[in-house]
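In this chain, numbering begins with 1 at the start of the sequence shown. Every heavy atom of this structure was used, including side-chain atoms; hydrogens, water molecules and symmetry mates were not.
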Amino acid sequence: MKQKRYLFPADYMADPSVHVFNDRIYIYPSHDIESDNVENDNGDQYIMRDSHVLSTDDPMTGEVIDHGKALDIADIPWAGRQLWDADVAEKDGKYFLYFPLKDRNDIFRTGVAVANRPEGPFVPQPDPIRGSYSIDYCVLPVDGDYLLYFGGLWGGQLQRYKDNKALETPYLPAGDEPALPSRVVKLSADMLQFDGSPRPVYIVDADGNPLKANDPHRFFEASWVHKYNGKYYFSYSTGDTHLLCYAVGDSPYGPFVYQGVILTPVTGWTTHHSIVEFRGKWYLFHHDSKPSGGKSWLRRLKVCELEYDADGHIITIDGGGE
């Protein structure tokens with residue numbers, strides 16, 4: 001059994017985006033709190049109101065430092081509710097935090113907050129990114145540009161959009177229809193807006209056909225992209241089938257050919273992760289709800305080593321769920 005570690009047992013946190021800055025691991029999670037709401041498919045039980053930053057110099061055994069509150073919903077001028085998962089990118093000595101937050105019309109938009117240090121505090125911009133929608137971010141530097149991946153179904157509202165325009169009636173594909181894809185967009189030079197329109201990120205089978213809506217391995221939420229041996233690895237959560245899966249491609253825009261399962265189901269409904277290399281080893285960061293007795297909205301961060309076989313396939317990890 002692979003060694004695993006609960007990173008920060010003092011508090012409930014989830015959805016870790018992880019980066020190495022200044023030879024140190026920085027973890028950007030969402031911050032779970034107790035909820036009286038009824039658990040539902042819209043995610044009303046996830047009522048996060050602030051974000052902390054954690055860091056360590058050894059993910060498996062080292063001290064994990066809580067740098068405190070980095071962003072608070074009370075400081076965001078356009079805030080409605082639900083400060084969900086975020087990701088951070090560094091450019092020219094500045095750190096940019098991208099976060100999903102419902103505006104006062106209960107529509108998820110993408111906010112940006114800026115800091116001078118990786119631990120924050122982050123100062124939010126007065127308005128969300130123009131044309132933004134949905135949730136779950138990953139920022140990838142590519143040849144001097146920065147790509148933002150995003151999208152999530154159900155409570156993440158991706159089914160409310162087509163061709164980057166809001167639909168009067170949400171549409172979720174079913175059966176043999178192609179599954180809804182994630183999105184990717186290049187960020188502007190100042191990192192504060194989109195440079196162009198978001199594009200679909202297609203996951204295809206070995207024959208080049210997009211995965212179908214009824215495929216248990218199709219995209220649901222939690223995009224993450226890393227590079228290994230010259231290939232781009234697009235990993236994601238399958239949502240209601242409770243897997244982390246991955247696909248591989250030659251371009252950061254895709255298409256990505258489906259490869260397999262990274263993590264089998266964990267205790268709790270959601271699976272959300274990041275993958276990072278640190279000092280010659282690869283790590284999978286994720287969460288589960290085992291410490292809270294299975295409450296899906298009270299999760300704790302976990303980490304374990306991630307390994308590849310000789311052909312570059314990720315070796316499946318047991319999530320320990322039912």
Subject >> same_hphob_cluster(Y283, V266) at 4.5 Å side-chain heavy-atom cutoff >> reply: no
Original post:
Under 3.5 Å, side chain of R130 to main-chain N/O of Q193, donor-acceptor pair present?
Top reply: no
**OP:** Start with the C-alpha gap between H313 and D311, add the side-chain angles, then the distance that decides, and say whether side-chain hydrogen bond (donor to acceptor under 3.5 Å, both in side chains) holds.
**Re:** CA-CA 6 Å; H313 296 114; D311 297 319; 4.5 Å; no
**OP:** Could you tell me if the ring centre of Y98 sits under 6.0 Å from that of F150?
**Re:** no
**OP:** Using ring pair (Phe, Tyr, Trp, His ring centres under 6.0 Å) as the criterion, point out the one residue from Y46, F99, W84, Y137 that pairs with F108.
**Re:** W84
Subject >> Contact summary for D15 and D85, nearest pair of heavy atoms >> reply: CB-CB, 3.6 Å
Original post:
Roughly how far, to the nearest 0.5 Å, is the OG atom of S51 from the CG atom of L71?
Top reply: 5.0 Å
Subject >> Set of salt bridge (charged side-chain N to carboxylate O under 4.0 Å, His left out) partners for E119, sequence neighbours left out >> reply: R117
Subject >> For the student: nearest non-hydrogen atoms of G151 and S134, plus distance >> reply: CA-OG, 3.4 Å
**OP:** Give, for atom OG of S223 and atom CG of L140, the distance between the pair rounded to the nearest 0.5 Å.
**Re:** 11.5 Å
Original post:
How about W282 and I314: do any of their side-chain heavy atoms sit closer than 4.5 Å?
Top reply: no
Original post:
Is a donor on one side and an acceptor on the other found under 3.5 Å between the side chain of T241 and the backbone of P216?
Top reply: yes
Original post:
How far apart are the C-alpha atoms of L54 and L301, what are their side-chain angles, what is the distance that settles it, and do they pass the side-chain contact (heavy atoms from CB on, under 4.5 Å) test?
Top reply: CA-CA 11 Å; L54 310 177; L301 302 172; 3.6 Å; yes
Original post:
Are D106 and R81 close enough for a salt bridge, meaning some N to O gap below 4.0 Å?
Top reply: yes
Original post:
Under the side-chain hydrogen bond (donor to acceptor under 3.5 Å, both in side chains) test, which residues partner E307, sequence neighbours left out?
Top reply: K2
Subject >> Nearest atoms (heavy-atom pairs only) where W269 meets G239 >> reply: CH2-C, 3.6 Å
Original post:
How far does CD1 of I65 sit from NE2 of H52, to the nearest 0.5 angstrom?
Top reply: 15.0 Å
Original post:
Heavy atoms, side chains only, cut-off 4.5 Å: are D66 and D11 in contact?
Top reply: no
**OP:** Consider only side-chain heavy atoms of I, L, V, M, F, W and Y, link residues closer than 4.5 Å, and tell whether V142 and M191 are in one cluster.
**Re:** yes
**OP:** Might you point out which heavy atoms bring H287 and A14 nearest each other, and give the distance in Å?
**Re:** ND1-CB, 3.4 Å
**OP:** Any chance you could lay out the salt bridge (charged side-chain N to carboxylate O under 4.0 Å, His left out) test for K281 and D58, step after step, and finish with the verdict?
**Re:** CA-CA 11 Å; K281 293 184 177 182; D58 184 340; over 6 Å; no
Subject >> Any M48 side-chain heavy atom under 4.5 Å of D32 side chain >> reply: yes
Subject >> R218 vs D240, salt bridge (charged side-chain N to carboxylate O under 4.0 Å, His left out): CA-CA, chis, key distance, verdict >> reply: CA-CA 10 Å; R218 57 86 178 95; D240 57 340; 2.7 Å; yes
Original post:
How about R279: does its CZ atom have over 12 heavy atoms from other parts shown lying under 6.0 Å from it?
Top reply: yes
Original post:
Does T238 use its side chain to pair, donor to acceptor, with the backbone of L243 at less than 3.5 Å?
Top reply: yes
Original post:
Is it true that atom CG of D309 has more than 12 heavy atoms of other residues, nucleotides or ligands lying nearer than 6.0 Å?
Top reply: yes
Original post:
Which heavy-atom pair separates W78 from P126 by the least distance, and what is that distance?
Top reply: CD1-O, 3.4 Å
Original post:
What heavy-atom pair brings I262 and S235 nearest, and what distance separates the two atoms?
Top reply: CD1-CB, 3.6 Å
Original post:
When you measure from the side chain of Q159 to the backbone N and O of W154, does any donor-acceptor pair fall under 3.5 Å?
Top reply: yes
Original post:
Any side-chain heavy atom of H273 sitting closer than 4.5 Å to one from T271?
Top reply: no
**OP:** For the pair K91 and D190, find out whether any cationic side-chain nitrogen is under 4.0 Å from an anionic carboxylate oxygen.
**Re:** no
Original post:
Between the side chain of D163 and the main-chain N/O of K165, is any donor-acceptor distance below 3.5 Å?
Top reply: no
Original post:
To the nearest 0.5 Å, what is the distance between CG (L153) and CD1 (I135)?
Top reply: 8.5 Å
Original post:
With distance as the sole test, does R49 use its side chain to make a donor-acceptor pair with the main-chain N or O of I73 at under 3.5 Å?
Top reply: no
Original post:
Do the side chains of V225 and P252 get nearer than 4.5 Å, heavy atoms only?
Top reply: no
Original post:
Taking the six-membered ring for Trp, are the ring centroids of Y26 and H19 within less than 6.0 Å of each other?
Top reply: no
Original post:
Under 3.5 Å, side chain of D288 to main-chain N/O of T267, donor-acceptor pair present?
Top reply: no
**OP:** May I ask you to check whether Y133 and Y161 place their ring centers less than 6.0 Å from one another?
**Re:** yes
**OP:** For the pair I27 and V18, evaluate side-chain contact (heavy atoms from CB on, under 4.5 Å) and give the outcome as yes or no after the intermediate values.
**Re:** CA-CA 5 Å; I27 305 161; V18 179; 4.1 Å; yes
**OP:** Would you check if the side chain of Y202 reaches a backbone N or O of N209 as a donor-acceptor pair within less than 3.5 Å?
**Re:** no
Original post:
Rounded to the nearest 0.5 Å, how far does OG of S55 lie from CD1 of I25?
Top reply: 9.5 Å
**OP:** Mind running side-chain hydrogen bond (donor to acceptor under 3.5 Å, both in side chains) on R299 and T270 for me, showing each step along the way?
**Re:** CA-CA 9 Å; R299 299 159 292 180; T270 68; 3.1 Å; yes
**OP:** Compute whether any side-chain donor of one residue and acceptor of the other, for E34 and W297, lie under 3.5 angstrom apart.
**Re:** yes
Subject >> Student check: side-chain heavy atoms of Y228 and E277 closer than 4.5 Å >> reply: no
Original post:
F234 and Y232: aromatic ring centres closer than 6.0 Å?
Top reply: no
Original post:
Once you round to the nearest 0.5 Å, how far does CG of L306 lie from OG1 of T316?
Top reply: 10.0 Å
Original post:
Under a 4.5 Å cut-off applied to non-hydrogen side-chain atoms, are L211 and D205 in contact?
Top reply: yes
**OP:** Under the side-chain hydrogen bond (donor to acceptor under 3.5 Å, both in side chains) rule, collect the residues that match up with R104, sequence neighbours excluded.
**Re:** none
Subject >> Cation-pi, Y149 ring and R183 (6.0 angstrom, 45 degrees) >> reply: no
Original post:
Does D50 use its side chain to pair, donor to acceptor, with the backbone of H31 at less than 3.5 Å?
Top reply: no
**OP:** Kindly indicate, with the supporting measurements, whether the criterion side-chain contact (heavy atoms from CB on, under 4.5 Å) is fulfilled by F285 and L7.
**Re:** CA-CA 9 Å; F285 292 81; L7 277 161; 3.6 Å; yes
Original post:
Got Y12 and K295 here, is their nearest side-chain heavy-atom distance under 4.5 Å?
Top reply: no
Original post:
Taking Y95 as the fixed residue, which of F21, F122, Y28 is the one that meets the ring pair (Phe, Tyr, Trp, His ring centres under 6.0 Å) rule?
Top reply: F21
Original post:
Does S289 use its side chain to pair, donor to acceptor, with the backbone of G268 at less than 3.5 Å?
Top reply: no
**OP:** Determine, stepwise, if the pair Y246 / I275 fulfils side-chain contact (heavy atoms from CB on, under 4.5 Å).
**Re:** CA-CA 11 Å; Y246 76 106; I275 295 169; over 6 Å; no
